There are 2 protein chains.
Amino acid sequence: MTTSIKDVALLAGVSVATVSRVLGNGPVSAALRAKVEAAVAQSGYRPNLSARRLRSQASRTIGLIVSDIRNPFFTSVSRAVEDVAYRAGMRVILCNTDENPDKEAMYLRLMQEERVSGVIFAATRATADSLDVAGLGFPVVMIDRAGPAARCDAVLLDNRTAAAQLVEHLLGRGYRRIGGLFGNTSSTGAERHAGFAEAMERAGLPAAARFVAPSAEAAQAEAAKWLGDAGAPEALIASNGLLLLGVVKAVREAGVAVPGRLALAGFDNDSWTELADPGMTVIEQPVDEIGRAAMEMLLERLERPERPLRKVVLAGRLVERGSSQPRG
Amino acid sequence: MTTSIKDVALLAGVSVATVSRVLGNGPVSAALRAKVEAAVAQSGYRPNLSARRLRSQASRTIGLIVSDIRNPFFTSVSRAVEDVAYRAGMRVILCNTDENPDKEAMYLRLMQEERVSGVIFAATRATADSLDVAGLGFPVVMIDRAGPAARCDAVLLDNRTAAAQLVEHLLGRGYRRIGGLFGNTSSTGAERHAGFAEAMERAGLPAAARFVAPSAEAAQAEAAKWLGDAGAPEALIASNGLLLLGVVKAVREAGVAVPGRLALAGFDNDSWTELADPGMTVIEQPVDEIGRAAMEMLLERLERPERPLRKVVLAGRLVERGSSQPRG
DNA sequence: GCTGGCATTGAAAACGATTACATTTTTTCT
DNA sequence: AGAAAAAATGTAATCGTTTTCAATGCCAGC
């Protein structure tokens with residue numbers, strides 16, 4: 001039996017209402033306040049958050065639903081989200097969906113049952129397209145991936161432009177037969193593919209694209225196959241950090257020279273990209289900024305539910321490294 | 001206003017008790033059960049977890065307190081913990097302490113207020129030594145770092161042996177002037193240092209050790225300084241993945257040849273260690289196993305609070321790569 | 001010495017669920 | 001068919017808070 005507010009009241013010789021007021025900075029005389037504080041200290045009392053939430057109808061909790069916390073992009077984002085959230089006195093429930101729509105549905109249901117104030121969500125395409133945001137009962141801020149067209153706030157990278165930027169970078173370095181490897185579960189993969197395809201078309205070149213499950217393993221397998229094919233590309237773009245990692249592993253395995261026989265470029269300036277020779281050319285995403293902006297956006301939405309929807313689009317930054325050195 | 005169990009009862013024409021029983025698989029006739037289920041579906045009712053927890057006095061929630069979720073070791077462990085937890089119908093609250101004892105205290109307080117069933121905790125040395133586990137009100141399983149001597153369950157790596165194994169590996173490869181860089185906040189750093197020092201002493205060699213804050217940045221700065229010193233070591237051991245990352249960055253920066261002028265070895269088989277030339281020799285920790293074992297241990301403890309304390313000590317696996325090639 | 005106003009305080013009603021207990025209905029047995 | 005046992009259902013208490021509302025005490029003003 002843990003001690004409750006009633007025990008504290010008894011110990012201090014006051015009513016529970018007074019104890020509650022002391023805890024919540026209500027109007028209480030100095031004398032009683034001191035007695036209550038002594039009783040709290042002596043009894044080691046800890047308020048019960050479930051009871052508090054039930055009574056006050058405010059969870060002061062938000063949900064953060066991402067596809068894989070092992071992806072450095074999401075860990076960084078979630079750290080930023082948490083920092084802002086905790087500063088605002090909110091807790092964060094972190095959930096992994098493994099890009100699985102069933103798990104997404106399950107976690108959304110959980111969020112409803114927790115009566116969270118809001119959710120920050122990196123959804124799969126399947127869920128993003130069909131999600132009934134209005135029926136959820138809490139505001140949603142989409143990150144990394146677009147939500148149902150204009151139905152909720154979002155913080156996104158300018159994926160098309162960034163992908164096109166990579167293509168143009170490679171073209172400028174003399175590469176022509178450029179392939180792209182994209183995740184097949186997210187709108188992000190689709191958008192990056194679109195930017196890639198557009199840029200290739202502008203250059204009058206055919207765009208060879210392949211889609212895989214967004215994991216290093218899948219990317220490694222696909223890249224290995226691709227490298228063995230006739231007419232394998234001279235340069236490869238991977239649409240996120242995990243895919244790039246898989247590609248690099250496949251390349252190493254096959255003993256392919258980078259950039260000699262195959263140039264590489266991708267997304268996410270993960271720490272290894274600088275270290276794996278000859279260094280990976282990548283689009284760096286402003287991860288802290290994404291997390292911070294998403295959380296701030298959610299807080300603003302909670303404060304003023306009727307404000308118009310907003311979409312924050314952030315630019316990526318091209319980090320040039322050895323993997324895309326001029327074709328020799 | 002969200003719909004409550006009372007609304008469902010009204011809609012279905014039964015008492016709230018019956019609705020509750022339908023939800024909890026209590027004894028209810030098929031006819032009423034159908035009516036209730038229809039009402040639940042129609043109203044979109046979602047049970048309120050706060051109310052449920054308050055009444056049933058069971059949170060079905062555990063806390064996972066780690067020092068830094070950006071450390072791949074902890075992300076992998078937390079994934080494993082979550083998998084086991086969710087399979088057992090428990091939720092996980094994940095907390096980052098940044099190795100800061102104040103934050104640790106704050107989160108432990110939060111865990112009490114959430115009335116969690118138990119906590120899995122990677123504590124700093126300061127907290128581990130002074131923690132009053134009994135007064136917390138819930139069982140604690142320590143991971144990665146030892147808790148107050150024999151006061152709680154723990155899942156640990158055999159740090160001394162692993163560190164000694166690295167030393168002996170380097171000795172076998174012909175290196176003599178071996179330095180060690182260790183984290184200064186955790187007992188893990190201390191234990192790995194102990195294993196390092198013992199092994200060096202057995203070999204009759206002086207052990208040069210330095211301690212830094214457990215971040216890549218701190219390690220990089222310290223390593224840069226060290227490499228500039230007179231009598232810099234021929235080989236360096238870093239006591240975790242982040243420190244090793246910092247060391248490698250410093251080495252690159254300084255243009256030091258690995259292993260030619262400096263051999264490297266460390267802990268944690270993070271994905272980049274395979275990719276950064278010439279590949280890093282590391283002790284691989286069984287991360288999934290650590291998380292799984294910790295969560296299972298906690299579940300068992302919850303089931304039988306009086307069972308004797310247990311300490312699971314897991315062995316690391318030496319992964320030999322180019323960074324410790326025989327001295328030429 | 002009242003009266004009105006103000007600041008404290010306490011009693012009691014929520015919040016939304018579960019569950020012990022009482023009551024009703026159904027089944028089973030003679 | 002009737003009684004006893006078993007099963008289903010409802011009533012109301014309860015979990016630990018916050019908050020409304022009423023009551024109390026104190027002081028100033030007359």
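No hydrogens, no waters, no symmetry mates; every other heavy atom, side chains included, goes into these values. Order of the sequence lines sets the chain letters (A, B, ...), proteins ahead of strands, with each chain counted from 1. Computed from a prediction, not measured in an experiment: that's the story for all the values here.
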*asked:* Any donor-acceptor pair, under 3.5 Å, between the side chain of A:Arg52 and the base of D:dT17, if you only look at N and O atoms?
replied: no
*Specify the residue among B:Ser56 and B:Pro27 whose closest nucleotide of DNA chain D lies further upstream toward the 5′ end.*
B:Pro27
*Check whether any side-chain N or O of B:Ser29 sits under 4.0 Å from OP1 or OP2 of D:dT9, and answer yes or no.*
yes
*May I ask you to verify if any side-chain N or O of B:Ser15 is less than 4.0 angstrom from the OP1 or OP2 atom of D:dG10?*
yes
*asked:* Nearest to the A:Arg21 side chain among D:dT20, C:dT18, C:dA17, which nucleotide is it?
replied: D:dT20
*Nearest whole angstrom, please: distance from the P of C:dT18 to the NZ of B:Lys6.*
14 Å
*Taking the side chain as every heavy atom from C-beta outward, state whether B:Phe73 and B:Asp144 have any pair of such atoms under 4.5 Å apart.*
yes
*asked:* If you define the side chain from C-beta out and look only at heavy atoms, does anything of B:Ile120 sit under 4.5 Å from B:Met295?
replied: yes
*Heavy atoms under 4.0 Å, any strand shown: does B:Leu32 hit a base, just sugar-phosphate, or nothing?*
sugar-phosphate
*asked:* Looking at A:Arg307, I want to see if its CZ is surrounded by more than 12 non-hydrogen atoms of other residues, nucleotides or ligands under 6.0 Å.
replied: yes
*Any donor-acceptor pair under 3.5 Å between the side chain of B:Arg115 and the base of D:dG16?*
no
*asked:* For a quick check of understanding: with a heavy-atom distance under 4.0 Å over all strands, which category does B:Ser20 fall into, base, sugar-phosphate or nothing?
replied: base
_A:Tyr107 ring center within less than 6.0 Å of B:Tyr86 ring center_ = yes
*Quick one: is A:Gln57 getting a side-chain N or O under 4.0 Å of the D:dT18 phosphate, OP1 or OP2?*
no
_For atom CD of A:Glu113 and atom P of C:dC15, their distance in whole Å_ = 20 Å
*State which of D:dG16, C:dG16, C:dT19 makes the closest approach to the side chain of B:Ala51.*
C:dG16
*Using a heavy-atom cut-off of under 4.0 Å over every strand shown, decide if B:Arg33 touches base, sugar-phosphate, or nothing.*
nothing
*Would you classify A:Leu49 as touching base, sugar-phosphate or nothing, given that sugar-phosphate means primed atoms plus P, OP1 and OP2, and contacts are heavy atoms under 4.0 Å?*
nothing
*asked:* Run the side-chain hydrogen bond (donor to acceptor under 3.5 Å, both in side chains) test on B:Ser78 and B:Thr75 for me, step by step, so that the C-alpha distance in whole Å, both residues' side-chain angles and the decisive distance to 0.1 Å come before the verdict.
replied: CA-CA 5 Å; B:Ser78 72; B:Thr75 59; 5.9 Å; no
*From the list D:dA8, C:dG10, C:dA17, which nucleotide is the closest neighbour of the side chain of B:Asn48?*
C:dA17
*Over how many whole Å does the gap from A:Asn25 atom CG to D:dT18 atom P extend?*
11 Å
*So, is A:Thr18 close to the C:dT9 phosphate, meaning a side-chain N or O under 4.0 Å from OP1 or OP2?*
no
*asked:* Can you tell me which nucleotide in C:dC15, C:dG10, D:dT11 comes closest to the side chain of A:Leu54?
replied: C:dC15
*Taking atom types as they are modelled, is there a donor-acceptor pair under 3.5 Å from the base of D:dT18 to the side chain of A:Arg55?*
yes
*With sugar-phosphate meaning primed atoms plus P, OP1 and OP2, does A:Arg53 contact a base, only sugar-phosphate, or nothing at under 4.0 Å between heavy atoms?*
nothing
*From the options D:dT18, C:dT19, D:dT19, select the nucleotide whose nearest atom is closest to the side chain of A:Ile5.*
D:dT18
_Heavy-atom pair of closest approach, residues B:Met297 and B:Ala154_ = CE-O, 3.6 Å
_Comparing A:Val16 and A:Ala30 on DNA chain C - which has the more 5′ nearest nucleotide_ = A:Ala30
